[in-house]
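Here is the structure we will look at.
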Amino acid sequence: MASRFKVNPALRRGFDTARVGERPMTKSGTMSKIFLLLALVTASAGGSWFFLAENQGLLFPALIGGLVIGLILALVITFKPATAPVLSPVYAIVEGVAVGALSLMFESMYPGIVGKAVVATFVVAFAMWFVYSTGMIKVTQRFRSAVTAAILSIFVLYAVNLILSLFSIDLPFMTGSSPLAIGIQFVIVIVASLSLVMDFDFISQQVRAGAPKSMEWVAAFGLIVTIIWLYIELLDLLYRLAARD
C-alpha cells in the first residue's frame, strides 16, 4: 500500500537557517500545524467513513484515489518543500479520505478494530515522544542509519509483494495470520514507531539551528505522514491478531 512507504522522506533533507528579518521555526508553531493537519485528517476520514458507508460502490475508488493522489502530493512536498504550506493541508484531506475508506473496510470485518487502532496509535506516539524527550532513546547517526535501512527494507518487501500479487502470487509470510506473518508485522510496527523518534529529533534540531518559519509546515507534514503509516500498520497487526481468534 502506497501510504505505508511515505515514511517522512521530507525530514531527511537539510535546510538553511532563517534569513535576516525572517522569523525562525519554533516548537509551538510546529505543534500548532501538526494539530491542524491531524484535525484535517481526522475530519476527512470521518466524513469519508459516513459517506462511503452509504455509498459502498465508491469505497475502492476512494481508497485507491486517495492513496495515489496522496502519494503524488507527498512526493511534490518532499522534493519542493516550499509547497508545504499550501499542499500539506490538501495532503491531509486527501489522505484522510483513504484512511476513512480503509478503516471502514476493516471495521466491517471486525467491529471495534478501528477504535483500538486509533487508541494504540496515540499511545505509541506519546510513548515515543516520552522516550525521546527523556533521553531514553538517543538519536545517533548509527540509530538513523539502522532505522533508515529498516524502512528501505520494508519498502522493498512491500514492493516485491505488490508486484507478485499482480501475478496472483503471494508471499506466505506477508499475508494471513500465521505466527511468522504476525511477527513480521510487529517488527514493521516497531520500525514505524522508531521513525517517529527520528521525526521528533528532526524538529528539535531544526528549531535549535534556527530554521526558517516555513519549515514548520515541512516538519508537521513529515510527522503526520509517519503517524498515518503507524496507524495503518497497527490496524493491519490488529486485523491479523483478530483473524487468529
Search all heavy atoms of [X] against all heavy atoms of [Y] and return the closest pair with its distance.
X: L59; Y: A101; answer: CD1-O, 3.6 Å
X: G222; Y: D199; answer: O-OD2, 4.0 Å
X: S193; Y: M128; answer: O-CG, 3.3 Å
X: A45; Y: V99; answer: CB-CG1, 4.3 Å
X: V94; Y: G70; answer: CG1-N, 3.7 Å
X: A74; Y: T78; answer: O-OG1, 2.7 Å

Given side-chain contact (heavy atoms from CB on, under 4.5 Å), test I137 with F143 step by step and report yes or no. CA-CA 9 Å; I137 292 183; F143 178 89; 3.8 Å; yes
Atom pair [atom1] ([X]) and [atom2] ([Y]), whose distance is rounded to the nearest 0.5 Å:
X: I188; Y: L230; atom1: CD1; atom2: CG; result: 12.0 Å
X: F202; Y: M215; atom1: CZ; atom2: CE; result: 3.5 Å
X: S108; Y: L52; atom1: OG; atom2: CG; result: 11.5 Å
X: I113; Y: L241; atom1: CD1; atom2: CG; result: 8.5 Å
X: Y239; Y: E107; atom1: OH; atom2: CD; result: 14.0 Å
X: L104; Y: L63; atom1: CG; atom2: CG; result: 10.5 Å

If you define the side chain from C-beta out and look only at heavy atoms, does anything of [X] sit under 4.5 Å from [Y]?
X: Y110; Y: L238; result: no
X: I203; Y: M31; result: no
X: L235; Y: K116; result: no
X: F200; Y: T226; result: no
X: F122; Y: L38; result: yes
X: W229; Y: V189; result: no
X: E216; Y: K33; result: yes
X: V207; Y: T26; result: no

Check whether the side chains of S103 and Y231 place a donor and an acceptor atom closer than 3.5 Å, and report yes or no. yes
Say whether, by atom type as modelled, one donor and one acceptor occur between the side chain of [X] and the main chain of [Y] under 3.5 angstrom.
X: R23; Y: K213; value: no
X: Q185; Y: E233; value: yes
X: T148; Y: S145; value: no
X: Q206; Y: A211; value: no

Is [Y] reachable from [X] through a run of I, L, V, M, F, W or Y residues, each pair having side-chain heavy atoms under 4.5 Å apart?
X: V97; Y: L58; result: no
X: V119; Y: F35; result: no
X: L196; Y: V123; result: no
X: L152; Y: V187; result: no

Within 6.0 angstrom of M109 CE, more than 12 heavy atoms from elsewhere: yes
S32: partners by side chain to side chain donor-acceptor pair (under 3.5 Å), with sequence neighbours left out: none
Side chain to side chain donor-acceptor pair (under 3.5 Å) filter on T134, not counting sequence neighbours, yields none
Derivation and outcome, side-chain contact (heavy atoms from CB on, under 4.5 Å), residues Y91 and I69: CA-CA 8 Å; Y91 168 84; I69 297 174; over 6 Å; no
Is there a side-chain contact (heavy atoms from CB on, under 4.5 Å) between L37 and W217? Walk through the geometry before answering. CA-CA 9 Å; L37 295 182; W217 281 107; 4.0 Å; yes
Is the gap between the ring centers of Y132 and W129 under 6.0 Å? no
Side chain to side chain donor-acceptor pair (under 3.5 Å) pairs, two or more places apart, involving residues 37-62: none
